[in-house]
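Report on the structure given below.
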Amino acid sequence: MHENPRNMTQGQFSFLPPLTDDQIKLQMAYAIKQGWALSVEYTDDPHPRNTYWEMWCQPMFDTKDPAAVMTEVTECRKVYGNMYIRVNAFDNSRWRESVAMSFIVNRPKYEPGLALSRTEGPGRTIQYRVHSYATDKPKGERYK
Amino acid sequence: MTTTPENPTDSFDLEGEFARSNVQAVLDKLDRELIGLRPVKQRIREIAALLLVDKARRSMGLETGAPTLHMSFTGNPGTGKTTVALRMAEILKNLGYVRQGHLVSVTRDDLVGQYIGHTAPKTREVIKKAMGGVLFIDEAYYLYKPENERDYGQEAIEILLQVMENQRDDLVVILAGYANRMEVFFQSNPGFRSRIAHHLDFPDYSDVELFEIAKIMVDAQHYVLTPEAVKVLKEYIPRRMKMPHFANARSMRNAIDRAKLRQANRLFGRKDRTNLTRKDLTTIEAEDLLASRVFQ
Ligand SMILES: Nc1ncnc2c1ncn2[C@@H]1O[C@H](COP(=O)(O)OP(=O)(O)O)[C@@H](O)[C@H]1O
Ligand SMILES: [Mg+2]
């Protein structure tokens with residue numbers, strides 16, 4: 001059976017080895033070609049249900065070239081280099097109006113992973129709880 | 001874009017590369033659509049040749065260094081700077097020196113903010129939009145206000161200088177404006193001068209050239225001048241050149257716009273408006289030009 005990596009898996013490509021910057025730019029170029037708006041977000045809370053990460057900059061609706069988005073990723077890495085950073089591509093066309101691509105472009109050096117705990121409830125039902133070790137520490141002190 | 005191939009070759013098909021790049025088509029278009037500007041066209045040809053030879057050298061593993069492509073376009077208003085910048089973006093794209101080939105045209109107000117902390121994000125936004133293409137900064141000298149040492153323009157200048165140096169693969173910057181003011185600007189901002197490789201000077205047009213330009217504009221908009229209107233236009237031009245706020249080719253465009261307005265007004269004022277012909281709709285008469293304040 002396949003064993004989940006300890007590295008957080010979210011969005012596209014997260015079972016692959018980390019993308020190189022050139023590979024990241026190719027993905028961005030694809031999104032730009034589709035007319036999607038790219039944005040850069042970061043977080044230090046890797047829980048799978050943590051949907052809304054912090055925005056690094058305004059979404060980029062009228063950039064024509066991946067170098068522009070890569071500049072923001074580079075700037076974001078300088079400040080939050082030991083956090084999770086992802087790139088989203090938003091498709092604003094009518095009826096879709098949602099995120100079309102999302103992939104991680106930066107990870108903390110060490111990822112302690114997630115704990116799974118079980119609680120027995122009435123009638124012997126089991127409730128599962130997913131908990132990231134990192135969030136035991138307050139914001140800003142995780143992933144030091 | 002500027003990588004050295006692993007197996008340097010020892011022959012390069014300059015002719016084939018030139019043909020593939022489609023640069024000749026852009027140069028031809030430039031020749032066809034823009035009257036005069038001989039020295040500018042010559043410089044553009046030289047730059048294209050230099051870039052092509054650079055490419056050839058690189059394919060043979062010879063030292064070239066990333067070429068600096070930032071430029072300054074100096075000349076009076078309406079001499080074709082913006083128009084040529086658009087073509088330049090196309091040429092650089094065809095030669096593979098910019099990836100997208102679009103032009104983002106800005107002035108001080110697009111780059112400089114109103115309060116502390118406003119300028120850097122504004123400048124960066126503009127730079128991001130221009131990446132992969134050409135950033136055209138019109139009247140660039142307004143960025144620098146020596147009389148105010150805390151002017152926010154300085155912040156924009158510093159960011160621009162950094163990008164012009166470190167992201168030469170991502171963006172070409174063209175600074176434009178009056179020649180004399182640009183010269184003063186470069187003297188007080190040597191950082192810009194040293195990062196700019198090509199200075200192109202746009203001369204004023206002669207009356208004959210302005211006439212040709214006006215003819216091209218009339219033609220492109222599907223109008224025809226009557227022989228009398230041609231005569232009036234030939235008188236109009238030298239008079240207009242001596243008046244204040246003369247702006248070369250732009251003054252021609254404005255003159256034609258106003259003639260179109262008067263023509264429409266004339267047609268509208270006609271008694272029989274039920275049977276306008278194609279000829280009526282396309283003809284500009286002498287009176288449409290004679291009503292100009294230039295003849296008052
Ligand atoms: N040499 C030329 N031949 C034909 N049209 C021209 C020429 N130079 C300028 N124009 C036209 O004149 C107008 C003003 O030119 P522009 O490039 O905006 O000048 P600048 O940027 O130097 O002020 C534009 O409509 C342009 O198409
Ligand atoms: Mg202009």
Side-chain angles (χ1 to χ4, degrees), chain A residues 19-42 53-81 83 85-93 99-103 105-106, chain B residues 1-6 66 69-70 85-86 88-90 92-106 110-111 113 117-136 155-156 158-173:
Chain A
L19 301 182
T20 64
D21 283 3
D22 282 337
Q23 290 169 331
I24 291 171
K25 281 200 233 168
L26 284 173
Q27 295 299 333
M28 292 169 172
Y30 174 79
I32 291 171
K33 212 166 142 206
Q34 306 306 309
W36 299 336
L38 288 159
S39 60
V40 180
E41 299 179 333
Y42 64 94
W53 294 17
E54 315 291 336
M55 280 168 64
W56 165 256
C57 59
Q58 304 282 336
M60 289 163 264
F61 284 95
D62 43 14
T63 49
K64 295 225 176 355
D65 193 80
V69 189
M70 203 61 213
T71 308
E72 292 297 351
V73 170
T74 307
E75 290 300 310
C76 187
R77 278 178 182 155
K78 279 185 202 153
V79 182
Y80 300 114
M83 291 195 190
I85 303 175
R86 71 181 176 194
V87 169
N88 295 334
F90 184 79
D91 180 356
N92 69 354
S93 56
V99 171
M101 286 174 74
S102 175
F103 55 96
V105 295
N106 194 76
Chain B
M1 253 194 313
T2 49
T3 50
T4 312
E6 274 143 34
L69 291 170
H70 306 310
L86 274 164
M88 187 58 88
E90 232 176 300
L92 294 177
K93 156 109 206 240
N94 288 357
L95 290 173
Y97 284 87
V98 299
R99 286 182 295 269
Q100 320 294 339
H102 61 298
L103 182 91
V104 172
S105 179
V106 299
D110 301 296
L111 297 165
H118 193 196
T119 300
K122 244 181 129 165
T123 304
R124 290 215 178 87
E125 261 330 283
V126 167
I127 289 172
K128 267 165 30 185
K129 274 183 211 167
M131 273 190 184
V134 172
L135 176 62
F136 182 84
E155 213 177 326
E158 267 151 41
I159 296 170
L160 282 168
L161 286 176
Q162 219 174 0
V163 171
M164 286 167 79
E165 186 64 34
N166 300 334
Q167 293 188 271
R168 276 183 287 177
D169 276 354
D170 295 330
L171 173 82
V172 169
V173 176

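Quick note: numbers below take in every heavy atom, side chains included, and nothing from hydrogens, waters or symmetry partners. Chain letters run A, B, ... following the sequence lines, proteins first and then strands; every chain starts at 1.
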**Message:** I'd like to know whether B:Gln167 forms a side chain to side chain contact (heavy atoms under 4.5 Å, CB included) with A:Thr71, so could you lay out the CA-CA distance, the side-chain angles of the two residues, the decisive distance to 0.1 Å, and finally the verdict.
**Reply:** CA-CA 10 Å; B:Gln167 293 188 271; A:Thr71 308; 3.6 Å; yes

**Item:** Heavy-atom neighbours of A:Tyr30 OH exceed 12 at 6.0 Å
**Value:** no

**Message:** Nearest 0.5 Å, please: how far is CD in B:Gln100 from NZ in A:Lys64?
**Reply:** 8.5 Å

**Request:** Check whether A:Met70 gets within reach of chain B through its side chain, its backbone, both or neither, counting any heavy atom under 4.5 Å.
**Result:** neither

**Prompt:** Looking at B:Glu125, B:Arg124, B:Met131, which has the largest count of heavy-atom pairs under 4.5 Å with chain A?
**Reply:** B:Met131

**Message:** Among A:Asp62, A:Thr63, A:Val69, which residue satisfies the side-chain contact (heavy atoms from CB on, under 4.5 Å) criterion with B:Lys128?
**Reply:** A:Thr63

